[in-house]
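To keep things clear, I will list the structure first and then write my remarks on it.
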2 protein chains.
Amino acid sequence: MQISELARATGVSARALRHYEDRGLLIPGRTGAGYRDYSESDVIRVAQIKAMIAAGLNTATIQRYLDCVRVDGHGPSLKMCPDLRAELDSIAERLAAKQADLRRTQQRLNELASAG
Amino acid sequence: MQISELARATGVSARALRHYEDRGLLIPGRTGAGYRDYSESDVIRVAQIKAMIAAGLNTATIQRYLDCVRVDGHGPSLKMCPDLRAELDSIAERLAAKQADLRRTQQRLNELASAG
DNA sequence: TTTGACCTTCACGCTGGCGTGAACCCCTAC
DNA sequence: GTAGGGGTTCACGCCAGCGTGAAGGTCAAA
């Protein structure tokens, strides 16, 4: 299938699909005319990518661990890949740090707003 | 005083002070040689800017409302400036939205990490 | 006079997943 | 043949507060 069809099938923009390819997350075939030619398995692959993006992984990390994630009807599940747990932990730490920053900012804002 | 002295006095980098000037938050005088020449009141002004930055206001908003904020020994306090309350409310909304996004991301990450 | 510390103005880098033209090619239907 | 709806590869824009050289002037101390 070509790119707009995969875009419709996955709910991901064609631009994003090309971006994923730039980052090494997708490697579609090519037709004689140079058009990208995606397979059915790419639909699943894009679903995996979506799940990992939504979980806060960046494309470089996804590139390393993409094959560790499966997405079936019930949501994503993990295979055992070395260092993946540690990677997820560090992402969780970064998210927690952002949480803390955000709360501090909210606190200062409240202090400003509640000040007479 | 010149820029490095103000930087030491406020704990803000000289680069940041120049940036504030670019954004119209500070307007120091100039010596004959072209050096920036800050006054004592700029120390307080920078403290106000720091408080507002820490509360999530951007430089454009700070530029509009800088004179509405005073910083004394007990922390910042507000003067009545039209639209400032509404501005602070909208900032609070944006922060809350970021919070929500962050929590959703953490939720997805947990789903990934806890999946077998 | 020569360090050396401090100042000045550009102007790119960072973080990063895309949106959005621009300029051009491919294929089908009329 | 031509219009139209795909496709392709660049490559800048975004959001924003600074960090960080680069190239060069100023000034007090030795």
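Numbered from 1 within each chain, the chains take letters A, B, ... in sequence-line order.
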Between [atom1] of [X] and [atom2] of [Y], what distance do you get to the nearest 0.5 Å?
X: A:C81; Y: A:E87; atom1: SG; atom2: CD; result: 11.5 Å
X: A:H19; Y: A:T59; atom1: NE2; atom2: OG1; result: 5.0 Å
X: B:Q106; Y: A:I91; atom1: CD; atom2: CD1; result: 12.0 Å

Quiz item: When you check every protein heavy atom under 4.0 Å of nucleotides 17-30 of chain D, what one-letter string (B, S, -) results, 5' to 3'?
Solution: BBBB----BBS---
Heavy-atom check, side chain of [X] versus side chain of [Y], under 4.5 Å:
X: A:M1; Y: A:D37; value: no
X: B:L57; Y: B:L88; value: yes
X: B:M52; Y: A:R108; value: no
X: A:Y35; Y: A:I3; value: no
X: A:Y38; Y: A:L17; value: yes
X: B:R30; Y: B:R36; value: yes

To the nearest angstrom, how far is [X] atom [atom1] from [N] atom [atom2]?
X: B:M52; N: D:dA16; atom1: CE; atom2: P; value: 16 Å
X: A:E21; N: C:dG17; atom1: CD; atom2: P; value: 16 Å
X: A:L26; N: C:dC18; atom1: CG; atom2: P; value: 12 Å
X: A:D22; N: C:dG17; atom1: CG; atom2: C1'; value: 11 Å
X: B:L6; N: C:dT8; atom1: CG; atom2: P; value: 11 Å
X: A:M1; N: D:dG6; atom1: CE; atom2: P; value: 17 Å
X: B:Y38; N: C:dC6; atom1: OH; atom2: C1'; value: 13 Å

Quiz item: Which of these nucleotides, D:dT8, D:dG6, C:dC7, is closest to any side-chain atom of A:Q2?
Solution: D:dG6
Exercise. Please tell me which of the listed nucleotides, D:dT9, C:dT8, D:dG7, lies nearest to the side chain of A:R30?
Key: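 Nearest to the side chain of A:R30 among the choices is D:dT9.
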Quiz item: Near DNA chain D, under 4.0 Å by heavy atom, which residues of residues 89-103 of chain A?
Solution: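 Within residues 89-103 of chain A, no residue comes under 4.0 Å of DNA chain D.
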Quiz item: In terms of side-chain geometry, is the basic nitrogen of B:R45 or B:E21 positioned less than 4.0 Å from the acidic oxygen of its partner?
Solution: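 Between B:E21 and B:R45 there is no salt bridge, as every charged N stays at least 4.0 Å from the carboxylate O atoms.
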Exercise. Would you mind reading off the bend of the helix from C:dT1-D:dA30 to C:dC30-D:dG1 from its two end axes, five pairs each, to 10 degrees?
Key: 40°
Self-check item: side-chain N/O B:R18 vs C:dT8 OP1/OP2, d < 4.0 Å
Solution: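 So the side chain of B:R18 is within the cut-off, an N or O lying under 4.0 Å from OP1 or OP2 of C:dT8.
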Exercise. From the options B:R104, B:R103, B:K98, select the one residue that forms a salt bridge (charged side-chain N to carboxylate O under 4.0 Å, His left out) with B:D101.
Key: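 Exactly one candidate clears the test, B:R104.
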